[in-house]
Engineer: 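This structure is in structure tokens; I'll ask about it shortly.
FYI, side chains are in, hydrogens and waters are out, and symmetry mates aren't considered; it's all heavy atoms of this structure.
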Amino acid sequence: QLQLVEFGGGLVQSGGSLSLSCTASDFSLDYYAIGWFRQAPGKEREGVSWISHSSSSLNYADSVKGRFTISRDNDKNMVYLQMNNLKPEDTAVYYCAAAPAIGTLDENSYDYWGLGTQVTVSA
């Protein structure tokens, strides 16, 4: 079983910032593209951002462009999602996932997932 873990979620006020981290305890993320996804209550899971294994390519959903920044440090086996100017609409469980080849915002491209971390943004 290959599983990722997320941490850094919490409760913040609207306009605040939060940084999420993702890693894997039992395998290296070096050759995987990593995606961040989120699922709000009553809604489908949506892609938020992804980054290639070497950080040479990345992308964001339109809803978070200009506010969120994805990055990674392969030496530390870590991937990050810096979230700024948070809005109540960002409230969701956030997941990271690993894809063996290319990165996309399509969850079907990802093989390994974390269990999620809760982000709650109050008005």
Side-chain angles (χ1 to χ4, degrees):
Q1 181 181 14
L2 300 179
Q3 185 172 299
L4 283 64
V5 292
E6 309 94 341
F7 44 96
L11 174 64
V12 298
Q13 293 184 351
S14 181
S17 297
L18 202 61
S19 182
L20 305 183
S21 300
C22 170
T23 191
S25 61
D26 55 355
F27 70 102
S28 174
L29 301 177
D30 285 4
Y31 298 105
Y32 293 89
I34 303 297
W36 285 97
F37 299 81
R38 66 186 183 186
Q39 187 166 25
K43 296 185 177 181
E44 298 289 327
R45 185 162 57 193
E46 64 174 337
V48 174
S49 182
W50 62 264
I51 187 168
S52 66
H53 75 278
S54 64
S55 300
S56 61
S57 300
L58 52 85
N59 209 350
Y60 302 92
D62 288 342
S63 59
V64 306
K65 285 180 179 177
R67 300 189 297 120
F68 290 11
T69 302
I70 191 170
S71 62
R72 67 190 300 165
D73 185 340
N74 287 347
D75 289 339
K76 298 180 179 179
N77 208 35
M78 297 287 288
V79 183
Y80 309 99
L81 185 68
Q82 178 65 45
M83 305 184 294
N84 297 325
N85 192 25
L86 284 162
K87 307 175 184 297
E89 307 91 88
D90 296 317
T91 295
V93 176
Y94 283 71
Y95 303 87
C96 66
I102 62 172
T104 74
L105 296 180
D106 180 1
E107 67 179 35
N108 295 318
S109 297
Y110 294 82
D111 292 341
Y112 312 119
W113 291 78
L115 297 178
T117 185
Q118 177 70 49
V119 172
T120 302
V121 185
S122 62

Engineer: Is there a donor-acceptor pair closer than 3.5 Å between any side-chain N or O of Tyr95 and the backbone N or O of Gln39?
Structural biologist: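 No.
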
Engineer: Are the side chains of Val119 and Arg38 in contact, using a 4.5 Å heavy-atom criterion?
Structural biologist: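 Not in contact.
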
Engineer: Parallel under 30°, tilted from 30 to 60°, perpendicular over 60°: which one fits the rings of Tyr94 and Phe68?
Structural biologist: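 Correct class here is tilted.
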
Engineer: Just how far is it from atom CD1 of Ile51 to atom SG of Cys96, taken to the nearest 0.5 Å?
Structural biologist: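 One finds 12.5 Å between CD1 of Ile51 and SG of Cys96.
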
Engineer: Could you check whether any side-chain N or O of Thr91 sits under 3.5 Å from a backbone N or O of Val121, counting only pairs where one atom can act as donor and the other as acceptor?
Structural biologist: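 Checking the backbone N and O of Val121 against the side chain of Thr91, a donor-acceptor pair under 3.5 Å is found.
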
Engineer: Give a yes or no on whether a salt bridge exists between Asp62 and Lys65, defined as a side-chain N under 4.0 angstrom from a carboxylate O.
Structural biologist: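 Result for this pair is yes, salt bridge flagged.
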
Engineer: Has the side chain of Asp106 got a donor or acceptor atom that lies under 3.5 Å from a matching backbone atom of Gly47?
Structural biologist: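 Between the backbone of Gly47 and the side chain of Asp106 there is no qualifying donor-acceptor contact (under 3.5 Å).
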
Engineer: Look up atom OH in Tyr32 and atom OH in Tyr112, then write down how far apart they are to the nearest 0.5 Å.
Structural biologist: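 Reported value, rounded in 0.5 Å steps: 4.5 Å.
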
Engineer: Tell me whether Phe7 at atom CZ has more than 12 heavy atoms from other residues, nucleotides or ligands lying less than 6.0 Å away.
Structural biologist: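 Counting neighbours around CZ of Phe7, more than 12 heavy atoms of other residues, nucleotides or ligands fall under 6.0 Å, so yes.
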
Engineer: Are Leu105 and Tyr60 side-chain neighbours, meaning at least one heavy-atom pair lies under 4.5 Å?
Structural biologist: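 They are not in side-chain contact.
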
Engineer: Look only at the side chain of Glu6 and the backbone of Leu115, and say whether a donor-acceptor pair between them is shorter than 3.5 Å.
Structural biologist: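 Here the side-chain-to-backbone pair exists.
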
Engineer: Mind checking the OG-CG spacing from Ser122 to Leu86? Nearest 0.5 Å is all I need.
Structural biologist: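 Result: 10.0 Å between the selected atoms.
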
Engineer: Is Asn74 reaching over with its side chain to a backbone N or O of His53, donor-acceptor style, under 3.5 angstrom?
Structural biologist: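 The answer is yes, because a donor-acceptor pair under 3.5 Å joins these two groups.
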
Engineer: Between the side chain of Arg72 and the main-chain N/O of Ser52, is any donor-acceptor distance below 3.5 Å?
Structural biologist: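 Confirmed, Arg72 side chain pairs with Ser52 backbone.
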
Engineer: Using 0.5 Å steps for rounding, measure from the CG atom of Asp73 to the OH atom of Tyr80.
Structural biologist: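 These two atoms lie 5.0 Å from each other.
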
Engineer: So, does Ser49 use its side chain to make a donor-acceptor pair with the main chain of Trp36 at under 3.5 Å?
Structural biologist: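 Pair absent, no side-chain N/O of Ser49 close to backbone of Trp36.
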
